[in-house]
Each structure stands twice: as C-alpha cells, then as structure tokens.
Amino acid sequence: MLNLSVILEDSAKRYPAKPAFTFMDTMLTFSQVNEYANCVANGLRSMGIKAGDKVALGCPNLPYFPIIYFGIIKMGAVVVPLNVLLKKDEIVYHLRDSDAKAYFCFAGTNDFPMGEAGYAAFKEVDGCAHFLMIMPKPGMPSGIEGITTLSDFMAGQSPSFEIHQTNAEDTCVIIYTSGTTGQPKGAELTHSNLLLNAIAICDLMHNDDDDIALIVLPLFHIFGMTVMMNAGIYKGRSSIMLIRFDAEMVFDAMQKHKVTLFCRGTNHVLGLIELY
C-alpha cells in the first residue's frame with residue numbers, strides 16, 4: 001500500500017515549524033500545508049468525491065497548488081493538473097476527457113480572467129458536478145453568484161485526516177501532453193512513479209533539507225511538479241514561489257531568500273547555485 005501524500009505527512013512530522021512554501025509575504029510551514037491539505041481532503045469526501053475520482057486543478061505557482069494537490073491525493077482521488085493558459089474550449093475538452101468530477105480553478109485577474117473561462121467551461125461539462133474558485137486571498141468573495149470559494153469549502157473542515165491507502169500502482173496524477181498531432185493525451189502516473197522520481201531527483205542533485213529552492217517552473221507541468229514540488233516536500237526543503245519567470249524578480253528572490261537551488265525550463269537540471 002502506498003499513497004504519495006506520505007511525503008508531506010512525513011515532512012510535517014519531521015519539520016512542523018519549518019517554512020515549506022513562501023509566496024511574497026505569505027509563508028506556510030510544513031505542518032500548516034499538511035493541515036490545510038487535510039481540510040481539502042475532508043471537504044472532498046463530504047462533497048461525495050470518492051477514491052479513484054478525477055479532480056481537475058487549474059492554479060499557478062501559489063501555495064494553494066500543493067495544498068489542493070495533496071488534499072486530492074490524500075483521499076485517494078486523482079489530480080488532473082491543467083495548464084493555466086488553456087482557453088474555455090480547451091478546458092471543456094480536458095474536463096470531459098479526464099472525466100473530472102470536480103474542478104478547482106484560480107480566479108485570476110482582470111487581465112488574466114482564469115476563473116471566468118474556467119467557470120464557463122465547467123457549465124458545459126455535465127459530468128463535472130462541483131466548481132470551486134480559488135481566490136487570491138482567503139476570505140475574498142468570488143463575485144459570481146452561486147460559486148463556492150476555496151475558503152468557504154475548507155471552513156469548518158477538520159485539519160486531521162486518515163490517508164486513503166491506495167495501491168502503489170493506482171493512478172495518482174493524470175498529466176496532459178499535446179504530443180505531435182491531434183488532441184492532448186492524458187498520461188496516467190502512479191503513486192510509485194511519482195514517489196520514486198522524487199527520490200531519484202534528490203539523489204541526482206545531492207541536495208539536502210538545508211537547501212532553499214526557487215520555484216518558477218509551472219507546477220502543473222511534470223518537471224516543476226516532480227523536481228521542484230514533490231522532491232522538495234520529500235526532502236523537507238523550503239521553497240520560494242514565483243508565478244512566472246521575470247529576471248529581475250528571480251534575482252531579487254535569490255538574494256533575499258539566499259536561494260541555493262534553481263532549475264531552468266528544459267529537461268536538464270542546473271543544479272545548485274551557490275550564492276552565499
């Protein structure tokens with residue numbers, strides 16, 4: 001029996017007060033991320049989501065991503081990460097093709113209205129029964145009548161949850177890749193796939209729990225998800241998040257947080273960057 005979320009629970013036990021993810025002025029410890037993920041898992045279960053159900057997640061590099069990601073996994077459901085640049089018709093395709101039962105979608109901004117496109121797509125997919133809006137700040141209203149926000153969804157849920165004991169070969173995440181022709185295809189990755197890759201990455205980079213990583217690569221992509229998020233949680237290292245690559249912001253973050261680990265957006269790992 002194996003569930004990938006054991007890596008979060010283990011780091012929360014080993015480093016409860018250690019910063020796990022920092023975004024701008026928001027810092028969450030490993031214990032907080034684990035407890036919030038438990039609230040998501042309890043909310044999904046109370047909503048009627050069952051082990052094996054697919055749950056879509058459209059969210060940029062924010063602490064909400066690992067919280068929801070591991071909340072879905074904890075209760076045995078399957079995460080379907082969606083590219084945040086998808087348009088309405090593309091979202092409709094992904095929701096239908098994956099048979100998603102629920103959809104967590106970031107609200108976005110006036111210039112980048114992810115939430116509007118996501119909700120419009122959701123309304124066209126009969127099989128997807130639940131839409132949850134991730135607002136930029138906790139407690140913010142969605143501005144759309146009838147939509148449940150992530151904050152409301154998590155409110156009152158217990159921060160404790162007993163992990164659903166999935167099998168090592170059960171599907172954990174479905175990653176969509178466009179390939180070369182036709183519509184994007186969903187690749188099913190198992191709990192053991194993702195765990196062994198996270199372990200291998202840590203061994204390859206020879207990093208340890210004292211490293212501080214800068215996450216710029218999108219977490220909805222397998223590189224960012226495995227090399228930066230899962231490996232980091234497995235090792236218990238602290239991570240700094242940026243929504244997108246901006247050279248000035250990257251170098252400022254490196255200096256401010258004394259970053260030691262940074263990866264570029266190719267199939268090669270840059271490795272450790274010793275700034276201090």
Side-chain angles (χ1 to χ4, degrees), residues 4 7-8 10-12 14-15 17-34 37 57-70 79 81-85 106 109 112 134 136 173 175 177 189 193-276:
L4 179 67
I7 64 174
L8 175 58
D10 181 62
S11 289
R14 290 186 294 140
Y15 312 106
K18 184 178 180 179
F21 295 99
T22 299
F23 176 77
M24 298 182 69
D25 296 329
T26 298
M27 185 279 289
L28 297 179
T29 66
F30 278 100
S31 179
Q32 288 175 314
V33 173
N34 188 54
L57 172 58
C59 183
N61 287 5
L62 299 168
Y64 296 121
F65 190 100
I67 288 170
I68 299 169
Y69 178 94
F70 281 98
V79 185
L82 299 184
N83 188 321
V84 299
L85 298 179
F106 184 62
T109 64
F112 187 49
I134 308 166
V173 172
I175 289 284
T177 177
L189 305 178
N193 285 154
L194 293 166
L195 175 60
L196 292 175
N197 272 275
I199 295 172
I201 286 297
C202 289
D203 291 342
L204 175 67
M205 294 194 295
H206 305 292
N207 62 100
D208 57 37
D209 56 10
D210 290 331
D211 279 313
I212 299 175
L214 178 60
I215 300 179
V216 177
L217 299 175
L219 296 180
F220 59 76
H221 187 276
I222 193 60
F223 192 114
M225 181 191 305
T226 298
V227 176
M228 303 308 293
M229 184 178 74
N230 288 343
I233 289 176
Y234 166 75
K235 203 66 178 180
R237 69 175 180 235
S238 298
S239 296
I240 313 303
M241 290 178 148
L242 291 178
I243 285 185
R244 66 182 185 280
F245 181 85
D246 175 276
E248 184 175 354
M249 292 173 64
V250 165
F251 284 112
D252 285 348
M254 284 181 173
Q255 292 180 316
K256 177 180 179 180
H257 298 284
K258 296 181 171 57
V259 169
T260 60
L261 178 63
F262 175 72
C263 293
R264 63 181 179 179
T266 71
N267 291 329
H268 303 284
V269 177
L270 275 181
L272 300 182
I273 298 176
E274 299 294 344
L275 299 179
Y276 297 87

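- No side-chain heavy atom of Cys59 sits less than 4.5 Å from a side-chain heavy atom of Val84.
- Rounding to the nearest 0.5 Å places CG of Asn83 at 3.5 Å from CZ of Phe220.
- Thr260 and Asp211 share a donor-acceptor pair across their side chains, judged by distance under 3.5 Å alone.
- Using modelled atom types, no side-chain atom of Gln255 and backbone atom of Asp252 make a donor-acceptor pair closer than 3.5 Å.
- A donor-acceptor pair under 3.5 Å links the side-chain atoms of Asn197 to the main chain of Asn193, judged by distance alone.
- Side-chain contact check for His221 versus Ile175: every heavy-atom pair is 4.5 Å or farther apart.
- Pairing each heavy atom of Phe65 with each of Pro60, the nearest pair is CB-O, 4.0 Å.
- Of the inter-residue distances, the one linking Ile240 atom CD1 with Thr22 atom OG1 reads 4.0 Å to the nearest 0.5 angstrom.
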| request: Just do the side-chain contact (heavy atoms from CB on, under 4.5 Å) check on Phe245 and Leu217 with the steps written out, would you? | output: CA-CA 8 Å; Phe245 181 85; Leu217 299 175; over 6 Å; no
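- Pairing each heavy atom of Pro19 with each of Ser238, the nearest pair is O-OG, 2.6 Å.
- Smallest separation of non-hydrogen atoms from Arg237 and Phe30: O-CZ, 3.4 Å.
- Here the closest non-hydrogen pair linking Asn61 and Ile243 is O-CG1, 3.8 Å.
- When each of Val79, Asn34, Ile233 is tested with Phe70 by the rule side chain to side chain contact (heavy atoms under 4.5 Å, CB included), just one qualifies, namely Ile233.
- Here Lys18 contributes atom NZ and Ser31 contributes atom OG; the two are 14.0 Å apart, rounded to the nearest 0.5 Å.
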| task | Apply side-chain contact (heavy atoms from CB on, under 4.5 Å) to Leu214 and His257, showing your working. | result | CA-CA 9 Å; Leu214 178 60; His257 298 284; over 6 Å; no
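- Closest of all the heavy-atom pairs between Tyr69 and Leu57 is N-CD2, 4.1 Å.
- Residue Met229 holds its CE atom at 9.0 Å from CG of Leu194, rounded to the nearest 0.5 Å.
- For the atom pair CE of Met249 and CE of Met254, the computed distance is 12.5 Å after rounding to the nearest 0.5 Å.
- In this structure, the side chains of Val216 and Val250 come closer than 4.5 Å at one or more pairs of heavy atoms.
- Taking all atoms of both residues into account, the shortest heavy-atom contact from Gly236 to Arg14 is N-NH2, 4.3 Å.
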| task | Report the C-alpha separation of Ile67 and Leu28 in whole Å, then their side-chain angles, then the decisive distance to 0.1 Å, and conclude whether the side-chain contact (heavy atoms from CB on, under 4.5 Å) test is met. | result | CA-CA 10 Å; Ile67 288 170; Leu28 297 179; 3.7 Å; yes
| For Phe21 and Ile215, what are the C-alpha separation, side-chain angles and deciding distance, and is it a side-chain contact (heavy atoms from CB on, under 4.5 Å)? | CA-CA 10 Å; Phe21 295 99; Ile215 300 179; 4.2 Å; yes
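- Sparse packing is recorded around CE of Met24, with 12 or fewer heavy atoms of other residues, nucleotides or ligands lying under 6.0 Å away.
- Annotation: the span from Asp10 atom CG to Lys235 atom NZ amounts to 11.5 Å, rounded to 0.5 Å.
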